[in-house]
2 protein chains.
Amino acid sequence: MTHLVALAGGIGAARFLRGLARAVDPSSLTVVANTGDDLRLHGLHVSPDLDTITYTLGGGVHPDQGWGRADECLTVATELRERYGQPGWFTLGDRDIATHLVRSRILSEGGTLTQATRVIAAAWDLPFTLLPMTDGAVATRIRTVDGRVLHFQQWWVGEQAGPDVAEVWLEGAEAARPAPGVLEALHTADAVILCPSNPIVSIGTILAIPGIRDALRPVPVVGVSPIVGGAVVRGMADRLLPAAGSEVSAVAVARRYDDFLDGWVIDEKDATLAEEVEGLGLRVAVADTIMRSPEIAENVARVALDMVLR
Amino acid sequence: MTHLVALAGGIGAARFLRGLARAVDPSSLTVVANTGDDLRLHGLHVSPDLDTITYTLGGGVHPDQGWGRADECLTVATELRERYGQPGWFTLGDRDIATHLVRSRILSEGGTLTQATRVIAAAWDLPFTLLPMTDGAVATRIRTVDGRVLHFQQWWVGEQAGPDVAEVWLEGAEAARPAPGVLEALHTADAVILCPSNPIVSIGTILAIPGIRDALRPVPVVGVSPIVGGAVVRGMADRLLPAAGSEVSAVAVARRYDDFLDGWVIDEKDATLAEEVEGLGLRVAVADTIMRSPEIAENVARVALDMVLR
């Protein structure tokens, strides 16, 4: 059996994973998700990327948004804001709150995020093993050009990515350890797949957990570019790459991984960049990478795996 | 200004307090509420009596139930039960959950129940000071005749008061202290009013907090009987009084308080018991005590206070 590990952020990763789970036997797949975006809201532990993956694969995601629950209600959020004057910059839906209550109760009883994630994933019948990148307390921080330090979500959701970014880092990374099972999965993996996720605040934060980047070097690693035609498909990587000294291009993202990357899938729109990617010493494949359907995502997954598992 | 303290349980107390707040200047009133029924559900700190009082006085209570919120939704509870298989024996409505989130967040940040209660009461513009009886960890326990020990709510809500009761006690009472402000309010009170609340699991638990019963002895104390015609108006005192060695009667309840009680309001249906109450050395008043409206409750409050503040 082929053992695979996928490193994943939120929406783009979730849509890709829907295809990957069709392309391979998902029971041999371990998905390691970014938790740098996690935040406490109203005393609840919210894990946006874990939940986006869970809801998408479990069939409960809001189809247009790509995050949050379908058929969602906002009774609790409205009451918190209007009755109790609580901050409303990050709205939690009622169905979503049930997930956060389950997770937060497990944590408050001394359980780990790994354990909470297992319970939640089981409730959604996830076909693969979903792990947080770490059980440790980490937080993606943004320093704006005017010198303020914000939680990533405050910048992205609260300030709608308005302020220009001077620096991004994962607070708590040095002291954090990979969650139980992460290094074990990497050590036994036949291949690792980087989902088309933000290279700074999704894949970058996972790589910031000590031990993970080193564990990737001996394994065949293939990735799907989150940058298409010099622009982001989703999210805000175009706002963050320059702050990290990279251009906004499929090649520049690959270069950030060049100490461990073996193959790189770029979009058809970027076909002319193939040679430049090969110049980095990488295998390259070209595909339609806009995940409009699980079938398209499945094709991307097959193209990616073909480069390293042939 | 006349300083008053009311000791209160849930629904009966809340409806009486609606009248008391009309009969007196509520800004000089301190209400001390039972917290023995408090419980943790889904990681949330739920305070049924504090919330029933708050919602009733704040105009947000479910009018027929007498507890919980009007126009309530059950999206979170349904999700917790059906998606996550969480216990559903005690249903929390969505609007209600907002209150528990505010309280639980304050507690998780190191705040006290007194502080959380102040924040919640302010959001509802309560006209009086509402205090929990204690900030300590206490729980009303029921030992059933078949030897099981249950949280009060498990017996009352979970098992619908089915099993016969051998014993009731407030776990943690010995180590608990009155919440800040409780003894101060009692020491400066011109009179104390016992709301028509359960003598075992509402008033009884408040009296079990060390220092409160002693503080009542020097103060004029008047109460409203929760027993009418030998039966409970609401709740389950008829199931608990026998286990505590008392009959189910307005006289028997007064007798439980005879070390500090000065006046006792009984219902018109119990007018024939007036002499027996006087035989306990108490002043007695007869009134319509079924709180069908704030006006009726106001009359009961005036009748009660007239006995001790004339």
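All heavy atoms count here, side chains included; hydrogens, waters and symmetry mates do not. Letters A, B, ... mirror the listed sequences (proteins, then strands); counts begin at 1.
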Looking at [options], which one has more heavy-atom pairs under 4.5 Å with chain A than the rest?
options                             : value
B/Leu44, B/Thr78, B/Thr75, B/Leu107 : B/Thr75
B/Arg69, B/Glu72, B/Glu79, B/Arg83  : B/Arg83
B/Ser104, B/Gly58, B/Ala98          : B/Ala98

What heavy-atom pair brings B/Tyr84 and A/Ala123 nearest, and what distance separates the two atoms?
->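 Distance-wise, the nearest heavy atoms are CD2-CB, 3.4 Å.
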Shortest non-hydrogen contact from B/Leu101 to A/Leu101?
-> CD2-CD2, 4.5 Å
I would like to know whether B/Val102 and A/Gln86 meet side chain to side chain contact (heavy atoms under 4.5 Å, CB included); could you show each step before the answer?
-> CA-CA 8 Å; B/Val102 169; A/Gln86 297 299 299; 4.2 Å; yes
Other residues, nucleotides, ligands: >12 heavy atoms within 6.0 Å of B/Trp67 CH2 = no
For the atom pair CZ (A/Arg95) and CG (B/Asp94), what is the distance rounded to the nearest 0.5 Å?
-> 10.0 Å
Top contributor to chain B interface from A/Glu109, A/Arg40, A/His42 [non-hydrogen pairs under 4.5 Å] =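 Looking at each of A/Glu109, A/Arg40, A/His42 in turn, A/His42 comes out on top.
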